[in-house]
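See structure below.
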Amino acid sequence: MEHPHIAADEAPPPRRSDRSGGQVDLDAVTDELYGLSPDDFTAAREQRAQQARQEGARELAEEIHRLRRPTLAAWSANLLAREQPEQARLLLGLGEALRQAHRDLDGAQLRELSARQHQVTARLAQEAAELAAQYGHRISETARREVTDTLHAALADPQAGRDWAAGRLDRPLAAPVGFTPGETEAGGAGGEPSGRASSKSDRSRDRGRDAGRKAGRDTDRRREQLTRARERAREAERALETREGEHRAAREAAEQAAERQEQAEQRLTGLREQLREAEGAQQRARSEVRTAQDRLRRAERSEEKARRKADDARGRADQLADGP
């Protein structure tokens, strides 16, 4: 079984084959994610979705993104099914035996299996709590009751049992109404009333039935309250996932803006360097201009002086030529 704390970047990326006959390998990704600790689930899910998008599998990416992070109770129940597959098979076998006893109206068998049901679910719920603690999560009494409810649901309903045994629950399963050991022990289907019972025992039996009905109503009321509480929890989880999505979008936008800022700063640094080089070149050119102008002025003065000397020399030569 995959270790619940395996690092997300150590697992292989999600795969999707082409449409010529392949199938989206969502199953492997789902199995991987629900084998992780709840603390690691969201980051790993988004990493797998991102990998799928990068590979062009947008539909797979959306399917991965819709996978919900398991509650601690659901994760603990998943952990039990994954770590103890033989115990899971035994529990499902007990559920089938209970359903068969109900169908056969076998009161004696129901009472025996009902007692075993309590013992097995209590023991497995304890094992789930111990496994969760081994992986760094101590579950509350409420979460432990939800694990127990999940085990009862797996006993009562074959599909619920298969869902639990797959180890991919994102929420705990609700315990079924009307499938509890108390019903069989209170003289339900399969009981054998005695014609020799006294009126006193009849009255006791009636009181027992009344107490059982009251207990049943109390149980139904508690289950309705639990259903509403779980629905509120699901709404809160959906709101959390929405906020997480908004946070991811804001983080991506911030990262993109930061990248653009860095690129702009790099361009600005390059331009500033070019400006400094241009300013240096300008200073050097100005200096060269000044030097050249100074040389030009000196050359002009020298030229003027030479011209005057040449004029003087020509004048003296002319005078000599005109003499006696």
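Numbering starts at 1 and runs along the sequence shown. A quick note: this is a predicted structure, and the numbers were derived from the prediction, not measured.
- How far CG of Leu275 is from CD of Gln282: 9.5 Å, rounded to the nearest 0.5 Å.
- At least one side-chain heavy atom of Glu63 sits less than 4.5 Å from a side-chain heavy atom of Arg66.
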Run the side-chain contact (heavy atoms from CB on, under 4.5 Å) test on Glu146 and Arg171 for me, step by step, so that the C-alpha distance in whole Å, both residues' side-chain angles and the decisive distance to 0.1 Å come before the verdict.
CA-CA 9 Å; Glu146 290 178 335; Arg171 295 295 179 273; over 6 Å; no
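- Counting only N and O atoms by type, the side chains of Ser76 and His137 include no donor and acceptor under 3.5 Å apart.
- The pair Arg168-Asp163 does not count as a salt bridge, with every side-chain nitrogen at least 4.0 angstrom from each carboxylate oxygen.
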For Arg48 and Gln51, run side-chain hydrogen bond (donor to acceptor under 3.5 Å, both in side chains): C-alpha distance rounded to whole Å, both residues' side-chain angles, the deciding distance at 0.1 Å, then the answer.
CA-CA 5 Å; Arg48 292 294 176 263; Gln51 288 173 348; 3.2 Å; yes
I'd like to know whether Arg144 forms a side-chain contact (heavy atoms from CB on, under 4.5 Å) with Glu141, so could you lay out the CA-CA distance, the side-chain angles of the two residues, the decisive distance to 0.1 Å, and finally the verdict.
CA-CA 5 Å; Arg144 186 177 298 201; Glu141 284 302 317; 4.3 Å; yes
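- The shortest non-hydrogen separation linking Ala52 to Ile64 is CB-CD1, 4.4 Å.
- Side-chain contact check for Gln100 and Arg103: at least one donor-acceptor pair (N or O, by modelled atom type) lies under 3.5 Å.
- Of the possible donor and acceptor atoms, none in the side chain of Thr121 sits under 3.5 Å from a partner among the backbone N and O of Thr148.
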Got a list of side-chain donor-acceptor pairs under 3.5 Å for residues 293-306, not counting sequence neighbours?
| from | atom 1 | to | atom 2 | distance (Å) |
| --- | --- | --- | --- | --- |
| Asp294 | OD1 | Arg297 | NH2 | 2.2 |
| Ser302 | OG | Arg298 | O | 3.0 |
| Glu303 | OE2 | Arg307 | NH2 | 2.9 |
| Glu304 | OE1 | Arg307 | NH1 | 3.1 |

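- Taking CZ of Arg68 as the reference point, atom CG of Leu33 lies at 14.5 Å (rounded to 0.5 Å).
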Would you list the atom pairs, donor with acceptor, under 3.5 Å between side chains in residues 284-291 and any protein atom, with sequence neighbours excluded?
| from | atom 1 | to | atom 2 | distance (Å) |
| --- | --- | --- | --- | --- |
| Thr291 | OG1 | Ser287 | O | 3.0 |

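- Within the 4.5 Å cutoff, the side chain of Leu151 has no heavy atoms near those of the Leu155 side chain.
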Does the pair Asp170 and Arg69 meet the rule for a side-chain contact (heavy atoms from CB on, under 4.5 Å), with working shown?
CA-CA 6 Å; Asp170 58 22; Arg69 185 171 75 98; over 6 Å; no
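- Between Glu86 and Arg89 a salt bridge is recorded (basic side-chain N to carboxylate O distance below 4.0 Å).
- A donor-acceptor pair under 3.5 Å links the side-chain atoms of Trp75 to the main chain of Leu36, judged by distance alone.
- Residues Arg99 and Asp104 are not paired through a salt bridge, judged by the lack of any N-O separation under 4.0 Å between the basic side chain and the carboxylate.
- Pro158 and Ala156 make their closest contact through CD-O, 4.0 Å (heavy atoms, listed as atom of the first residue, atom of the second, distance).
- Between Ser37 and Tyr135 there is no side-chain heavy-atom pair separated by less than 4.5 Å.
- Taking the side chain as every heavy atom from C-beta outward, Tyr34 and Arg82 approach each other to under 4.5 Å.
- Looking at Pro172 and Thr71, their side chains come closer than 4.5 Å, going by heavy atoms from C-beta outward.
- Side chain to side chain, Arg123 and Gln126 fail the donor-acceptor criterion of an N or O pair below 3.5 Å.
- Counting heavy atoms from C-beta outward, Leu72 and Pro38 have side chains that approach closer than 4.5 Å.
- Taken to the nearest 0.5 Å, the CG atom of Asp311 stands 11.0 Å off from the CZ atom of Arg316.
- When all heavy atoms of Leu110 and Ala101 are compared, the pair lying nearest together is CD2-CB, 3.6 Å.
- When all heavy atoms are compared, the tightest approach of Ala154 to Leu92 is O-CD2, 3.8 Å.
- When atom types are taken as modelled, the side chain of Arg45 and the backbone of Leu67 share a donor-acceptor pair closer than 3.5 angstrom.
- The CG atom of Leu98 sits 10.5 Å away from atom NE2 of His152, with the distance rounded to the nearest 0.5 Å.
- A donor and an acceptor atom, one from each side chain of Arg53 and Gln50, are located under 3.5 Å apart.
- The minimum heavy-atom distance linking Asp31 with Ala166 is given by the pair OD1-O, 4.3 Å.
- Taking NE2 from His102 and CD from Gln109, the interatomic distance works out to 11.0 Å, rounded to the nearest 0.5 Å.
- Scanning both residues, Leu80 and Ala128, for their nearest heavy atoms gives CB-CB, 4.0 Å.
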Apply side-chain contact (heavy atoms from CB on, under 4.5 Å) to Leu268 and Arg272, showing your working.
CA-CA 6 Å; Leu268 180 59; Arg272 283 172 175 167; 3.4 Å; yes
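- Trp164 contributes no side-chain N or O that, together with a main-chain N or O of Leu169, makes up a donor-acceptor pair within less than 3.5 Å.
- Interatomic distance, Ile139 CD1 to Glu130 CD, rounded to the nearest 0.5 Å: 10.0 Å.
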